[in-house]
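This report concerns only the one structure given below.
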Amino acid sequence: MKNDISFLIDSQMNLYEQQSSYNPNMQLRGLMYFAQLYQMYLSERGKDLLGSKLVKIPKPCFVVFYNGERELSDENIDECEQHLSDAFEGGKIEGFEWTAKIINITGKHSLTLQKKCKPLYDYCSYVNKVKQNLKANLAKDSAIEDALNYAIKNNLLDGYFKTQKMEILNMSLTEFDQELYDRNRRQEGFEDGVAEKAKEAALNFLAMNVLTHEQITKGVGIPLEKIEELAAELATSQS
C-alpha cells in the first residue's frame, strides 16, 4: 500500500493520491508529477519530441482522495476541483488549464463511492475509527490499537489488517504524528503572531505616554512585569 499510485488504462494515464492534510497546491504538484510520468513514458517507448510527427500521449486523470479534518469548502461538499489558473499571478490565461479533482472521503462524505469500492470503504472505516477514538481522548497509540482490533474483527481489507498489523501500526503512528505536528506548528505560529502584535501595541502605548502600566496590561493582555521591562527597554533606546 502506497500513498499514491499511477497506472495506464487504455489511453488514459491515471494518478491517484491520498492527502490527510488540506493542500491548495495539489494542481501544481499534479502537473509536476505528470511531467515526470510522461517523461518516463516517452523514454521507455523511444519517442522523439524533436521529430516531425506529432507524439501521442495518454490522457491525464489526476484524482486526490482527501480525508483531513478541514472541510474543502463552506458548502461541505463531497468533490471539488483545484485549477492551476487560480495560482497564476496576474489572473487566468484563456485556453490554458490544469485541474486536480479532489474527492472528500472523510466521515460520511462520498459514501456512494466508498460503498462501490470495498477497499476504499474499509480504509475509510479504519481511519474514521482512529479519529473517533482520538476525539474521545484516547491516547494516540491506544486509539490506533483499538481501531486496528476493530478492523481485524470486521475483516476490513480482507484480512490485510491482521497479516500486516505491526506495519500498519507503525505507519499510522507516523501519519498521525505528522497531523499533530502540523496542528501544533500552526497553533504555535498563531500564538507567536498574537504575542508579537500585543508587544507592538504595548510599545506604542508606552511611547505615547498616555496610559499607566496597569492600564496597558489590561488592554493588551501582557503581564505587568513584561510591560515594565518593555518600558525600560524603550527608555534606554531613547536616551
Query - Side-chain (N104) to main-chain (D78) donor-acceptor, under 3.5 angstrom - result: no

**Report entry** Contacts of type side chain to side chain contact (heavy atoms under 4.5 Å, CB included), residue L169, not counting sequence neighbours
**Finding:** I144, E145, L148, M166, L173

Query raised in the report: Should the pair R29-E17 be classified as a salt bridge under the 4.0 Å nitrogen-to-oxygen rule?
Result: yes

Report task. Give me the one residue out of Q215, H213, K199 that meets side chain to side chain contact (heavy atoms under 4.5 Å, CB included) with I227. Result -> H213

Report task. Nearest 0.5 Å please: distance from the CD atom of E81 over to the CD1 atom of I102. Result -> 9.0 Å

Query - Heavy atoms of other groups near N209 CG, more than 12 under 6.0 Å - result: no

**Report entry** Heavy-atom donor-acceptor pair, D122 side chain to L156 backbone, under 3.5 Å
**Finding:** no

Query - Side-chain donor/acceptor of Q114 to backbone N/O of H109, under 3.5 Å - result: yes

Query raised in the report: Does any N or O in the side chain of D146 come within less than 3.5 Å of the main-chain N or O of S142, such that one atom is a donor and the other an acceptor?
Result: no

Query raised in the report: In terms of side-chain geometry, is the basic nitrogen of D158 or K118 positioned less than 4.0 Å from the acidic oxygen of its partner?
Result: yes

**Report entry** Ring centres under 6.0 angstrom apart (F62, W98)
**Finding:** no

Query - Common cluster, I103/Y121, ILVMFWY with side-chain heavy-atom separation under 4.5 Å - result: no

**Report entry** Check: T106 side chain, G68 main-chain N or O, donor-acceptor pair, under 3.5 Å
**Finding:** yes

Query - Heavy-atom donor-acceptor pair, Q27 side chain to A100 backbone, under 3.5 Å - result: no

Requested in this report: Work out which heavy atom in A202 is nearest to a heavy atom in I222; give both atom names and the distance.
Outcome: CB-CD1, 4.3 Å

Requested in this report: Could you tell me whether a side-chain N or O of Y38 sits under 3.5 Å from a main-chain N or O of P58, the two making a donor and an acceptor?
Outcome: yes

Query raised in the report: Are any side-chain N or O atoms of Q36 and backbone N or O atoms of Y33, one a donor and one an acceptor, separated by less than 3.5 Å?
Result: no

Query - Plane angle bin for F88 and F96 - parallel if under 30°, tilted between 30 and 60°, otherwise perpendicular - result: tilted

**Report entry** Short side-chain to backbone donor-acceptor contact, D10 and Q12, under 3.5 Å
**Finding:** no

Report task. Return yes if some donor-acceptor pair links the side-chain N/O of S110 with the main-chain N/O of L113 below 3.5 Å, else return no. Result -> no

Report task. For the pair Y41 and L8, evaluate side chain to side chain contact (heavy atoms under 4.5 Å, CB included) and give the outcome as yes or no after the intermediate values. Result -> CA-CA 10 Å; Y41 175 88; L8 283 168; 4.0 Å; yes

Query - Reported CD1-to-CD distance for the pair I105 and Q19, which is rounded to 0.5 angstrom - result: 11.0 Å

